[in-house]
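Beneath this line is the structure, given in structure tokens, with notes to follow.
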Number of protein chains: 2
Amino acid sequence: MSLRIALLGLLTAKGPASGYDLAKRFEHSLNHVWQAGHTQIYPELVKMAADGLVTVEAEGARGRKIYAITPDGSRLLTEWLIEHDPSATIRSETALQAFLLPLLDTEQAIAVVERIKGHFEARLAVLDCQPEGQFGNYALSLGLRQMRSGREWAEETLAALRREG
Amino acid sequence: MSLRIALLGLLTAKGPASGYDLAKRFEHSLNHVWQAGHTQIYPELVKMAADGLVTVEAEGARGRKIYAITPDGSRLLTEWLIEHDPSATIRSETALQAFLLPLLDTEQAIAVVERIKGHFEARLAVLDCQPEGQFGNYALSLGLRQMRSGREWAEETLAALRREG
DNA sequence: TTCGCCATGTAATTCGTTACATGATTTG
DNA sequence: CAAATCATGTAACGAATTACATGGCGAA
């Protein structure tokens, strides 16, 4: 479902687009929120068209199809936003590594946390380059906060490990 | 892979266990980090035994099998912890709702953010009840930080929406 | 005209969820 | 003995990743 919602959202926010365009939009704006490659997007659009959520508005060169959202699609999108309880499912490899830290000796643990810290910083850097005042604004500020608190956790954990080691 | 790692980690941290036990451990300690139900765990343990990562240490009543980690399993676990670059894949329905907020009018957006805030608070409450000083310590403090920053985001966003609306 | 990127797709496989099925043990 | 919970599993389906395949178009 969420993939559909994400696609409908992008079509609403930035207008009709081809599968390729949508894959690009995913990369550039939704990347810190939801991810999908073209191999998932192309077939999903076909199914969504069959379900009446999008239509092929135009066909261009080399099979390029421009999809637009339909009223049914808009309805589904708004309904989901207003009614859907976001699932609490979390699967974070980073948090899993944090969980398992006590299995390592201090020196190894420090190395792992250093690397995790690097990851948080890298993602933070990506988000920092993101233009303010754009559509993804709210998600961007949420992402920034969570990456910053990840970095802080790493710093605090490093300090604790060094004290102890 | 991560499911395997999580299972190997639990077996190392808390000793040999059956599939059922492991499902329970997932619920109680790994829940804010990684999730898996018994339907995923049972078959995975069989495959892991076939791959020599765990062995059936004992068999009890009604087919109960107690699995223990093997040296190969330990090796794989440590290697993963030290070498594996945690994937940056994020799929958060909450963040997706945040992303799509601008599609709603102010009143609806406020309702959505209120609900999101409630979710963050609920998860925070669960983590707050978790015993300190246990194995999952590091992951717990990371989770707490991230839930708190989620709640702060919701509060700030609500304030902004109310100013504007 | 060759190289690189644009653009679209399919196939195979793995990962994860939901629904179903079964029987043992404990508690009231 | 009935009901609840313990405990193990399978099957079907859906979501996601990886690998493969193809051809167009533009620039050097």
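Lettering of chains follows the sequences in order, A, B, ..., and the numbering in each one begins at 1.
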Interatomic spacing from OG1 in B/T106 to CZ in B/R163 - rounded to 0.5 Å: 12.5 Å

Between C/dT14 (P) and A/Q40 (CD): distance, integer Å: 17 Å

Value rounded to 0.5 Å, distance of CD in A/E83 from OG1 in A/T78: 10.0 Å

Distance in angstrom units between A/D21 CG and C/dC6 P, rounded: 12 Å

A/K65 side-chain proximity, nearest of C/dG16, C/dG9, C/dA7: C/dG9

A/D51 bridged to A/R4 by N-O distance under 4.0 Å: yes

A/S18, nearest nucleotide to its side chain (from D/dC6, C/dG16, C/dT8): C/dT8

Protein-nucleotide distance (B/Y42, atom OH; C/dT22, atom P), rounded to Å: 17 Å

Gap between atoms CG and P, on B/L45 and D/dT8 respectively (whole Å): 10 Å

DNA chain D: 5'-proximal contact among B/V46 and A/K47 (nearest heavy atom): B/V46

Polar pair under 3.5 Å, donor/acceptor by atom type, side chain B/T39, base D/dT10: no

Modelled atom types, side-chain donor and acceptor of A/R115 and A/Q97, under 3.5 Å: yes

